[in-house]
Amino acid sequence: MARSAAALTASQADDYEDDKDPFKVGDSIVYAAHGVGRVDRIGMEEIVGTTLEMIQISFPGNQMTLRIPLTKARKAGLRKIVTRDIVEKAMAIIKGKPHVSKGMWARRAVAYQEKINSGDLIQIAEVLRDLRRNVDSLDGSFSERKLFEAAQERFVSEVAVLENKDPTTVLQELTATMKAA
């Protein structure tokens, strides 16, 4: 599962190789492992005697700043915010019937975490679809709830930036969609 998530993230990075100037200061972006952030600065920096063009990203949600060489940004999982078309596909997945796996929870939890960390909105939607059944009921575990909340936070934060809405509003819309499904 980890290989497929990594391959998907790498294929998404390949889609943008033709883009000569993919990121600009002030752009909202998604870093696969950390979610939605904002490009603060792009410029040359000297690190251990080597001059590299670096991109600095801040993640206000977890008060983190990250610097990545611009040439490695795509391969590290940095991408632009998804399009409305992808959000619609993700919403269709969320509305679908949950896939119930009979395997060990530990393995499923690792697979869900890998999907969340892939940064791919479609895979995050799959996690939301599969875990939503236990969120409101008492038979779900603490770790299930935590994975669901992590996926929900990633999904909501990206859609809120795309649609220029308050995350609370997006969360209410997502919750209504999941309850209707």
Side-chain angles (χ1 to χ4, degrees), residues 1-91 93 109-128 131 143 146-168 170-171 174:
M1 184 62 76
R3 288 185 184 135
S4 65
L8 183 62
T9 302
S11 71
Q12 289 172 343
D14 292 341
D15 292 343
Y16 294 103
E17 281 186 6
D18 299 337
D19 196 352
K20 298 293 182 207
D21 190 20
F23 307 111
K24 294 176 181 57
V25 174
D27 282 354
S28 291
I29 52 86
V30 176
Y31 186 61
H34 300 292
V36 177
R38 181 165 307 280
V39 176
D40 291 333
R41 187 169 65 82
I42 298 174
M44 302 304 280
E45 291 185 30
E46 186 173 331
I47 299 175
V48 192
T50 304
T51 303
L52 297 170
E53 188 173 18
M54 302 289 282
I55 182 169
Q56 181 173 313
I57 305 144
S58 63
F59 298 90
N62 56 9
Q63 300 173 349
M64 180 178 78
T65 300
L66 182 68
R67 291 185 348 213
I68 305 172
L70 194 56
T71 57
K72 304 283 185 192
R74 291 281 183 206
K75 294 207 183 321
L78 196 63
R79 65 172 172 78
K80 293 180 179 181
I81 298 291
V82 295
T83 62
R84 184 71 195 142
D85 187 43
I86 293 174
V87 172
E88 289 172 7
K89 288 178 186 174
M91 291 303 280
I93 288 171
V110 168
Y112 289 142
Q113 189 65 53
E114 288 173 352
K115 285 182 173 189
I116 293 167
N117 288 340
S118 75
D120 179 28
L121 207 63
I122 301 295
Q123 290 189 29
I124 293 170
E126 291 171 357
V127 173
L128 290 171
L131 292 180
S143 58
K146 286 298 180 191
L147 284 170
F148 179 82
E149 288 171 355
Q152 189 173 346
E153 189 273 328
R154 290 278 177 94
F155 190 90
V156 165
S157 62
E158 188 163 357
V159 173
V161 169
L162 173 70
E163 296 180 349
N164 199 22
K165 290 183 177 178
D166 180 53
T168 307
V170 175
L171 178 59
L174 177 63

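- Distance check: D40 CG to D27 CG gives 11.5 Å after rounding to the nearest 0.5 Å.
- When all heavy atoms of I124 and G119 are compared, the pair lying nearest together is CD1-C, 4.3 Å.
- Separation of atoms CD1 (I55) and CZ (F23) is listed at 5.5 Å; rounding is to 0.5 Å.
- At least one donor-acceptor pair under 3.5 Å links the side chain of R154 to the backbone N or O of I116.
- Two residues are said to be in side-chain contact when any heavy atoms from C-beta on lie closer than 4.5 Å; T65 and Q56 meet this criterion.
- Counting only heavy atoms from C-beta outward, the side chains of V159 and L174 never approach each other to under 4.5 Å.
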Report the C-alpha distance between I68 and Y31 in whole Å, list the side-chain angles of each, state the deciding distance to 0.1 Å, and finish with yes or no for side-chain contact (heavy atoms from CB on, under 4.5 Å). CA-CA 11 Å; I68 305 172; Y31 186 61; 3.6 Å; yes
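- We find the OG-NE2 distance between S157 and H34 to be 13.0 Å, quoted to the nearest 0.5 Å.
- Between M54 atom CE and I42 atom CD1 the span is 11.5 Å, to the nearest 0.5 Å.
- For the pair F59 and V36, the minimum side-chain heavy-atom distance is 4.5 Å or more.
- Contact detail for A90 and A125: the closest heavy-atom pair is O-CB, 3.5 Å.
- In this structure, G26 and R38 approach most closely via the heavy-atom pair O-NH1, 2.5 Å.
- Here L70 contributes atom CG and E45 contributes atom CD; the two are 11.5 Å apart, rounded to the nearest 0.5 Å.
- Residues R79 and V82 are in side-chain contact: their nearest non-hydrogen atoms beyond the backbone lie under 4.5 Å apart.
- Between Q123 and V127, every side-chain heavy-atom pair lies at or beyond the 4.5 Å cut-off.
- Scanning both residues, A32 and S118, for their nearest heavy atoms gives CB-O, 3.2 Å.
- Of all heavy-atom pairs spanning I57 and L78, the tightest one is CD1-CD1, 3.6 Å.
- In summary, the side chains of T168 and D166 do present a donor paired with an acceptor at a separation below 3.5 Å, with no hydrogens or angles considered.
- Counting heavy atoms of neighbouring residues, nucleotides and ligands inside a 6.0 Å radius, atom CD of E88 exceeds 12 of them.
- Taken from CD1 in I122 to CG in D120, the straight-line distance is 6.0 Å, to the nearest 0.5 Å.
- By the 4.5 Å heavy-atom criterion applied to side chains, I81 and E158 are counted as neighbours.
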Decide yes or no on side-chain contact (heavy atoms from CB on, under 4.5 Å) for T71 and E53, but give the supporting numbers first. CA-CA 8 Å; T71 57; E53 188 173 18; over 6 Å; no
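- When side chains are defined from C-beta on, V39 does not count as touching K24, because their heavy atoms never get closer than 4.5 Å.
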